[in-house]
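Only one structure is covered here, and it is reproduced in the block below.
We name chains A, B, ... by the order of the sequence lines, and we start the count at 1 in each one.
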Amino acid sequence: MNARASTKETALRAFGRGDIWVKLSALVWGAGCFARGQIAKGMLLCLEEAAFVLGIGLTWPFLMKLATLGTVQAERIWDPVTRRNVWNDYDNSFLILLFGVIALLLIGGFLVQCVRMMRHARRSQQRVQAGHALPRLREDAARYLGQDFHRTLLFFPVSGVTLVMILPLIVMILIAFTNYDRNHLVPTNLFTWVGLDNFRLLTDLTGSGAFAHAFPRVLGWTLLWAVTATLSCYFGGILLAMLVNHQRTIAKPFWRTCFMIAMAVPQFVSLLLVRNLFADVGIINTLCKQWGVTDWLYQIGAIPTANVIPFLTHPSWAKPMILLINFWVGVPYQMLIATGILLNIPHELTEAARIDGAGGLQVFRHITLPYLLHITGPSLISGMVNNVNNFNVIWLLSRDVYVTTDQLMAQAGATEVDLLVTWLYRLTQDQSNYKMASVIGILVFVVCSTLTLVAFGRLTGRGREEAFH
Amino acid sequence: MKRYGVLLLLLMLLTGCTPGTVEENASIPLRVWVGDNADVAWMEQVVRDFTAANPQRQYAIQIGVQNEGDVSKIILADVESAADVFTFADDQLNDLLIGGALMPIAEGAEAVAAANIPASVEAATGPDGLLYAYPATADNGYFLFYNSAYITPGDAATLESLLVRAAENGRKIAFPMANAWYLYSFFRGAGLEMQLSEDGVTNTCNWNAADTPITGVDVLSALLEIAAHPGFIEADSDAFVAGIKDGSIIAGVSGTWNASVAAQVWGEHYAAAKLPTYRVKEQQVQMASFSGFKLVGVNAYSAHAGDAMDLAAFMTGYDAQVDRFTMRRQGPSNTAALSSSEVQSEPAIAAIVAQSPYADVQRVGSKYWDAAAALGKIIVSGNPGKTDLQTLLDNCVAGITAPADQ
């Protein structure tokens with residue numbers, strides 16, 4: 001039996017068939033190596049095991065409290081002699097959660113490593129039995145810089161991703177199942193597991209029902225916003241690009257530059273500027289008042305008060321305004337992308353169509369648009385997902401300006417113009433309501449991933465790849 | 001060998017942060033947060049005086065700036081690494097207590113209580129009766145200020161005459177009605193109540209009461225009438241300042257932060273007074289208000305709590321409060337400092353003192369703000385849904401008194 005075939009042997013079988021050293025190396029990782037004379041390698045493996053054990057040992061006390069998230073409340077005693085506060089050995093629920101999860105990850109890694117070590121020892125045993133020489137440490141090291149260099153390289157990013165992304169993600173998700181809010185802030189207070197209670201708040205219409213009232217409304221506006229904002233910018237950008245690139249347009253570079261300047265200004269600067277322009281005391285309102293537009297709108301009943309046009313302060317005005325402003329901010333970028341693609345459409349295609357008697361609209365419908373959609377489809381989807389999480393536009397235009405008149409929404413800390421993501425921000429920043437923010441974070445993920453999966457499935461369906469080749 | 005190079009690079013990245021050397025120093029490190037960049041010069045002065053007054057101890061005091069209006073959020077996000085001493089507006093006392101960020105004053109609490117005006121001491125006292133902070137200023141509440149070129153002191157006595165005078169001149173009286181902090185004024189003035197419950201977390205509120213001498217519906221109808229008056233404008237802080245500058249606003253209710261703008265623009269015509277009365281159910285009632293104080297707290301998790309208390313006591317003492325008035329025109333809470341003729345002649349401070357019999361110390365649970373703001377916004381929009389007034393009040397009260405864990 002050669003070494004290659006033996007890799008198919010299950011861990012259990014390897015354990016059963018292996019000699020005493022194989023069995024032992026599940027416990028002492030270097031055992032197999034020591035038995036076959038690979039002393040240095042065995043010591044390295046033992047060192048790795050020691051590091052694992054040390055890590056688990058350090059996080060073990062936290063793991064033991066993970067089930068309750070701590071029971072010892074912080075208590076302070078003033079010592080008048082040293083003039084310092086003396087604290088008891090209190091539990092910090094958040095640290096327990098964090099290090100508890102780290103302990104679980106370490107234990108998981110440890111167990112996987114145990115199995116791998118045993119199989120490794122078993123392979124060595126088989127190679128020795130078959131009369132092959134085992135690689136020396138130098139050769140092993142050379143392998144990690146040679147044919148297995150990808151593993152060496154990947155080690156750093158993978159550990160980085162685990163540490164800064166996967167670990168926080170797990171902790172954040174777990175918070176959705178606790179009562180971590182302003183009344184349970186660490187380290188003074190403890191928080192604990194509450195199961196699915198927080199999710200029930202979103203669906204439970206009994207009780208005050210504020211969250212159950214706010215959630216479908218915020219979700220609805222988020223989806224409406226994502227679709228409208230994305231498509232309006234997308235088609236607006238294409239139309240603008242076609243207009244600028246039209247044969248009869250003179251001074252094309254000038255127009256293009258005009259729109260690019262809008263892009264050159266940082267988005268948040270333009271947004272804050274526009275917010276001030278359209279504020280209740282902004283210049284647009286002053287002008288409208290002077291020109292009598294405000295009075296006219298009041299007479300036809302389009303605005304609730306005679307003084308101001310509530311561009312950004314009334315739900316039926318603010319939503320279209322935000323969409324419009326987003327259109328204005330987002331179109332130049334789409335125009336730029338569309339310009340690039342339009343210039344790439346093979347001239348033969350459009351010319352052939354024109355010779356066949358197709359009009360401008362027909363060329364657009366049957367050649368330009370499908371071509372554009374084919375190329376920009378994925379970016380359209382990512383644009384939509386980005387818009388679901390488009391924090392900047394909504395936040396900068398509504399912060400400190402928009403006050404809701406929906407009393408139940410106000411109770412849940414949301415407003416009519418909030419996206420899920422800005423609602424989440426309000427909950428954490430204004431209300432320290434981490435548990436509900438976490439619940440909403442999970443739901444944002446569900447929305448985004450569903451959108452992506454469905455849309456990608458549609459746009460890159462079978463056979464479309466060949467459409468233009 | 002390119003590969004060795006790449007590996008070396010990765011290792012360098014990993015070991016990039018070398019542990020810094022810790023300097024052994026006998027001085028006591030203290031971090032203090034003041035509320036505004038403009039306070040830093042004053043605080044530096046205080047620090048100089050403090051170190052001079054305590055020559056036997058070596059301090060390393062670091063001054064930082066955190067807006068005292070929402071500093072509690074920053075503190076509670078990580079109380080163990082927040083400053084040892086911090087300034088905060090008294091409305092956050094409750095949040096800070098729930099989060100356990102404040103330590104009760106362990107030394108000299110009686111002296112602090114005796115030196116400052118009673119309302120400021122009440123504002124710094126927790127539900128357990130202990131003093132949790134040092135009063136620093138007493139001018140953080142709101143009052144009326146007006147342009148005397150248009151308005152006589154007689155006009156300023158009632159909201160009706162103010163509105164009439166403004167409408168006659170084609171100008172506006174500003175009131176931030178969609179702001180929960182100010183909306184309180186009308187309901188409390190009419191005898192209705194809203195305050196923190198005994199649990200220290202939720203609120204009790206009878207704004208929807210139908211059996212009081214003046215009912216909630218009476219107040220709400222009066223407010224809808226006021227909001228629809230041609231002389232009235234709802235104005236947040238930005239709108240307020242803009243209106244004062246362009247001359248469209250000739251009077252309004254706000255605090256010293258906007259009054260100083262008005263004082264500059266209106267010059268000798270600037271005048272301040274207590275809040276006016278307003279008409280509800282055929283009678284005039286005095287508008288109430290929230291009093292406001294800036295307090296200085298000591299972090300319960302401070303490693304040098306005793307020294308932190310010394311510094312906090314020093315920066316709220318008589319001398320520091322006098323300096324604060326001289327340098328920042330902020331009204332003292334210290335009784336002796338407040339009684340000086342120079343302080344008393346400041347119009348804003350005189351107005352606040354005149355309003356103080358009708359001012360309540362702010363003890364409000366977190367659920368009040370959004371619910372009351374929504375009601376204020378509905379009033380300002382003229383009740384767009386034409387919802388029954390009692391229903392509006394019932395919804396609002398349900399929001400205000402909702403359990404805080406939702």
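- The choice from A:Pro310, A:Ala410, A:Pro187 that makes the most heavy-atom pairs within less than 4.5 Å of chain B is A:Pro187.
- Within the 4.5 Å cutoff, side-chain heavy atoms of A:Asn183 are placed close to those of B:Val201.
- Within a 6.0 Å sphere centred on CD1 of A:Ile77, heavy atoms belonging to other residues, nucleotides or ligands number 12 at most.
- Counting heavy-atom pairs under 4.5 Å between each of B:Gly243, B:Pro384, B:Ser366 and chain A puts B:Ser366 at the top.
- Taking 4.5 Å as the limit, every side-chain heavy atom of A:Arg182 sits out of range of all side-chain heavy atoms of B:Leu76.
- Surrounding CG of A:Asp89 are at most 12 heavy atoms belonging to other residues, nucleotides or ligands under 6.0 Å away.
- Atoms CD1 and CH2, from B:Ile105 and A:Trp78 in turn, are 11.5 Å apart once rounded to the nearest 0.5 Å.
- Of the two parts of A:Thr313, the backbone and the side chain both hold a non-hydrogen atom closer than 4.5 Å to a non-hydrogen atom of chain B.
- If you measure heavy-atom distances from A:Ala74 to chain B, the contacts under 4.5 Å come from the side chain alone.
- For the pair A:Arg83/B:Glu107, a side-chain contact is recorded, criterion being any heavy-atom separation below 4.5 Å from C-beta on.
- Using a 4.5 Å cut-off between heavy atoms, B:Asp95 contacts chain A through its side chain alone, with no backbone atom that close.
- Atom OG1 in A:Thr404 sits 9.5 Å away from atom NZ in B:Lys377 (nearest 0.5 Å).
- If you measure heavy-atom distances from B:Ala242 to chain A, the contacts under 4.5 Å come from the side chain alone.
- Heavy atoms of other residues, nucleotides or ligands lying less than 6.0 angstrom from CD1 of A:Ile283 number 12 at most.
- Using a 4.5 Å heavy-atom cutoff, the side chains of B:Ser381 and A:Thr405 are in contact.
- For A:Asp280, no part sits under 4.5 Å from any heavy atom of chain B, backbone or side chain.
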**Prompt:** Between B:Trp369 and A:Gln431, does a side-chain contact (heavy atoms from CB on, under 4.5 Å) hold up when you go through it step by step?
**Reply:** CA-CA 11 Å; B:Trp369 305 105; A:Gln431 320 210 346; over 6 Å; no

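- Closest heavy-atom contact between B:Ala305 and A:Asn85: CB-ND2, 3.6 Å.
- Annotation: maximal heavy-atom pairing with chain B below 4.5 Å, among A:Asp430, A:Thr82, A:Asn179, occurs at A:Asp430.
- Interface remark: of the candidates B:Asp78, B:Asp310, B:Val380, B:Asp310 forms the most heavy-atom pairs closer than 4.5 Å to chain A.
- No part of A:Asn285 comes within reach of chain B, as not one of its non-hydrogen atoms sits under 4.5 angstrom from that chain.
- Atom CD of A:Gln290 has more than 12 heavy atoms from other residues, nucleotides or ligands within 6.0 Å.
- Within 6.0 Å of CD in A:Glu48 there are more than 12 heavy atoms belonging to other residues, nucleotides or ligands.
- Considering only heavy-atom pairs separated by less than 4.5 Å from chain A, the leading option among B:Glu80, B:His304, B:Met309 is B:Glu80.
- In this structure, chain A has no heavy atom under 4.5 Å from any part of B:Ala235.
- At a threshold of 4.5 Å between non-hydrogen side-chain atoms, the residues B:Lys367 and A:Gln411 do not count as touching.
- With A:Gln407 as the partner, the side-chain hydrogen bond (donor to acceptor under 3.5 Å, both in side chains) test is satisfied by one option alone out of B:Asn395, B:Thr387, B:Asp394: B:Asn395.
- Counting heavy-atom pairs closer than 4.5 Å to chain B, the top residue among A:Thr188, A:Val401, A:Asp197, A:Leu185 is A:Thr188.
- Between B:Tyr301 and A:Tyr90, the ring planes lie perpendicular to each other; the angle is over 60°, past the 30° to 60° tilted range.
- Both the backbone and the side chain of B:Leu392 come within less than 4.5 Å of a heavy atom in chain A.
- B:Pro104 has its side chain within reach of A:Arg76: a pair of non-hydrogen atoms, C-beta onward, lies under 4.5 Å apart.
- Interface remark: of the candidates B:Ala371, B:Gly382, B:Ala106, B:Ala106 forms the most heavy-atom pairs closer than 4.5 Å to chain A.
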